[in-house]
Amino acid sequence: MSIQILPPDVANQIAAGEVVERPASVVKELIENSIDAGATDIRVEVREGGQRLIRVQDNGCGILAADTGALFHRHATSKISRAEDLNRLTTLGFRGEALASIGSVAHVSLLTRSASEDAGSVVRVAAGLSIASEPRGAPPGTTVTVEHLFANVPARLKFLKSATTEAGHILQIVTRYALAYPELRLSLLSDGKLIFQSTGSGKLYDVLVKAYGLEMARQMLPLETGQADEGGDAGPAEQYLNQLPTSVVVTGYIGAPALNRSNRSYITLFVNRRWFQDTSLAYGVIQAYHTMLPVGRYPVALIFIEMDPADVDANVHPAKAEVRFREGNRVFGALQRTVRRTLTDHAPIPQMPGGDSPGSLNVRQPSWDELAAWSARHDVLLAAGSGHNPLNHHSDGADNGLPGSSQSPALGAPAQPDPEAAGAAPSPDLPLSAPNMIGRKVPLLRVVGQLGAMYIVAEGPDGMYMIDQHAAHERILYEMLFTDHARQRLVIQPLLEPLVLDLSPEQASVVGGALATLAEWGLEIEPFGGGSYLLRSLPAVLNTQNPHSAAAEIIDGLAQGLDVVGGTLEARLVTLICKRAAIKGGQVLSLLEMQAMVRQLEECASPRTCPHGRPTMIHVSAGELARQFGRI
Ligand code: ADP
Ligand code: MG
């Protein structure tokens, strides 16, 4: 066949194939046009999942009668005029393709009136053939009606899913724009039923409630947008997530760790209010939850990135579903830093089921007065608790309150820990004033006792806290190891005699590729021929352990590679070391040991979850206790 230029109707259908994949794509393009037209009220109506009918009505600027003739031509647009304009897009549309594409695969009628004209016009197009443009009375704004979608494209028709599924995709699109434009009133009517409506209040939270439901919205944290405070109160593990100051502003909401999903589709990204997909940024969000989410679970996040449009290229994907950033790393860094900071500052302590708002943000924060009163009571109770001054661990300022590596096994030993071993002189006058407590991630706690050799029961300013001793100790060790490592003070325990490890090929390949990292964290291992390796040292936190089984467990864990969501090799390794070194459930602890542990946990940057993302503590509020006992 000789080469020929395809006639316009064929070319348009080809282009439509890229833009109009399913009914939801039509809805998307029409809503974008309405938003670009400055509408404040957009009504979407569909029938049979959009296949029978899609109608989008807006109160935007409308179209001048003189312009209606060109509407359904390809590259007919009022939004850009020069190639340079593509470098600074401020409208959602810009290619002038949508109406032409939709018109080539459906019957379309467009009724419009510009506010500046008395009469409106109607334009009809069927399968690419423009029928007519004629005057017609109309309110200001534009209504586009699309019928018989894909009637002339059997291939597309075949791939359409059930009406319910297609309506679901449409709902997703409508919801997305409602979230991006909370000042818009946006509604969706499907087969005569109103299935979504935003109020146009301008408040993102209001749309969030409409889109996700109150239960879910309550478990979401508003992102904190402050300027980058490098390091600051970020924990040692946080500083690990590299951060750069940028002019990229990130806002939105993220789910508390307890709100998680089995896939990453609940991570929604917008840049300058344009929805887009980006695997790498989604991964950045997941990584920011590092150690806070259980394995195989993904966060819920709604992220708005605001930045100079000149730094974003929206013209890289046929359906404009992807963008390219000029400096992707800056965006990644800003996003991850914001998410992480919000999480470490605000993730709530899980509430006992039965509380009125499980895992939610509606946990009443104790007032300043209550905190002050609690602080005084706490000090007295602590001092009364034992002959020793129980604050000695707390006062170890030089060491961030965490014991040196060589001392931490004292926690695990059943004997009473020697107060001197904690490395601090008693400081009876350490003030624990209320202002001290306000920035805390967990409140000051008074240990009441141990339950089932597994949980520490403690009292706080608002009720009871139960701490999982193993999870808490894992968290303490995890942060301690990172601190020690950063200060190059990690204590390594050489073995008296090297141990021979016989590794499976899989284990050997993991170990072989990680010798330097392993050594840096105290596991000095060298090849000894074949699958054999020599173990020469262990991190000192493991020095009460059987070295052979400790090393085997850690190497096994590394080879499985599943221990932490989105973890680096190092983070995984440290998590495994901590898991092994931490005291186990079933171990009876003395009051002093429990107090030491609680103090250390209070000092942690992320005290509420263990490095695997499970909670370290649960809270039963005083109110909940009173309710359960029928006092209120
Ligand atoms: P683009 O949005 O890329 O410009 P479209 O094919 O979607 O291309 O629309 C072509 C033109 O039609 C737009 O540039 C705009 O001028 C006009 N238009 C389309 N829909 C509307 C609307 N709802 N209100 C006002 N003008 C509209
Ligand atoms: Mg458009």
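Each ligand, and each atom within it, is numbered from 1 in the order the structure gives. FYI, side chains are in, hydrogens and waters are out, and symmetry mates aren't considered; it's all heavy atoms of this structure. Keep in mind that this is a model prediction, so the values were computed, not measured.
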Distance below 2.8 Å from the Mg ion (ligand 2): how many protein N/O/S atoms qualify? 1
Under-4.0 Å salt bridge between D118 and R113: no
Pick from F276, W275, F270: which one makes a ring-ring contact (aromatic ring centres under 6.0 Å, His included) with F304? F270
Does E97 pair with R74 as a salt bridge, N-O distance under 4.0 Å? yes
Looking at R47 and E45, is any side-chain nitrogen of the basic one under 4.0 Å from a carboxylate oxygen of the acidic one? yes
Quick one: are the ring centres of Y212 and Y253 less than 6.0 Å apart? no
Minimum side-chain heavy-atom gap H169-R22 below 4.5 Å: yes
Does D206 have any side chain to side chain donor-acceptor pair (under 3.5 Å) partners at least two apart in sequence or in another chain, and if so, which? S201
Please report, to 0.1 Å, the donor-acceptor pairs under 3.5 Å made by any side chain of residues 144-151, with sequence neighbours excluded.
unit_1: T145; atom_1: OG1; unit_2: R55; atom_2: NE; d: 3.0

Beyond-backbone contact of V312 with R324, side-chain heavy atoms, under 4.5 angstrom: no
Expected rows: ligand 1 N/O, protein N/O, dist below 3.5 Å:
unit_1: ligand 1; atom_1: 2 (O); unit_2: N33; atom_2: OD1; d: 2.9
unit_1: ligand 1; atom_1: 2 (O); unit_2: K79; atom_2: NZ; d: 2.7
unit_1: ligand 1; atom_1: 3 (O); unit_2: F94; atom_2: N; d: 3.0
unit_1: ligand 1; atom_1: 3 (O); unit_2: R95; atom_2: N; d: 3.0
unit_1: ligand 1; atom_1: 3 (O); unit_2: G96; atom_2: N; d: 2.7
unit_1: ligand 1; atom_1: 4 (O); unit_2: T77; atom_2: OG1; d: 2.5
unit_1: ligand 1; atom_1: 6 (O); unit_2: A98; atom_2: N; d: 3.3
unit_1: ligand 1; atom_1: 6 (O); unit_2: L99; atom_2: N; d: 2.9
unit_1: ligand 1; atom_1: 7 (O); unit_2: N33; atom_2: OD1; d: 2.9
unit_1: ligand 1; atom_1: 7 (O); unit_2: N33; atom_2: ND2; d: 2.8
unit_1: ligand 1; atom_1: 8 (O); unit_2: G96; atom_2: N; d: 3.4
unit_1: ligand 1; atom_1: 14 (O); unit_2: T77; atom_2: OG1; d: 3.3
unit_1: ligand 1; atom_1: 14 (O); unit_2: S78; atom_2: N; d: 2.9
unit_1: ligand 1; atom_1: 14 (O); unit_2: S78; atom_2: OG; d: 3.2
unit_1: ligand 1; atom_1: 16 (O); unit_2: S78; atom_2: OG; d: 2.5
unit_1: ligand 1; atom_1: 20 (N); unit_2: N33; atom_2: ND2; d: 3.3
unit_1: ligand 1; atom_1: 23 (N); unit_2: D58; atom_2: OD2; d: 2.9
unit_1: ligand 1; atom_1: 24 (N); unit_2: T142; atom_2: OG1; d: 3.3

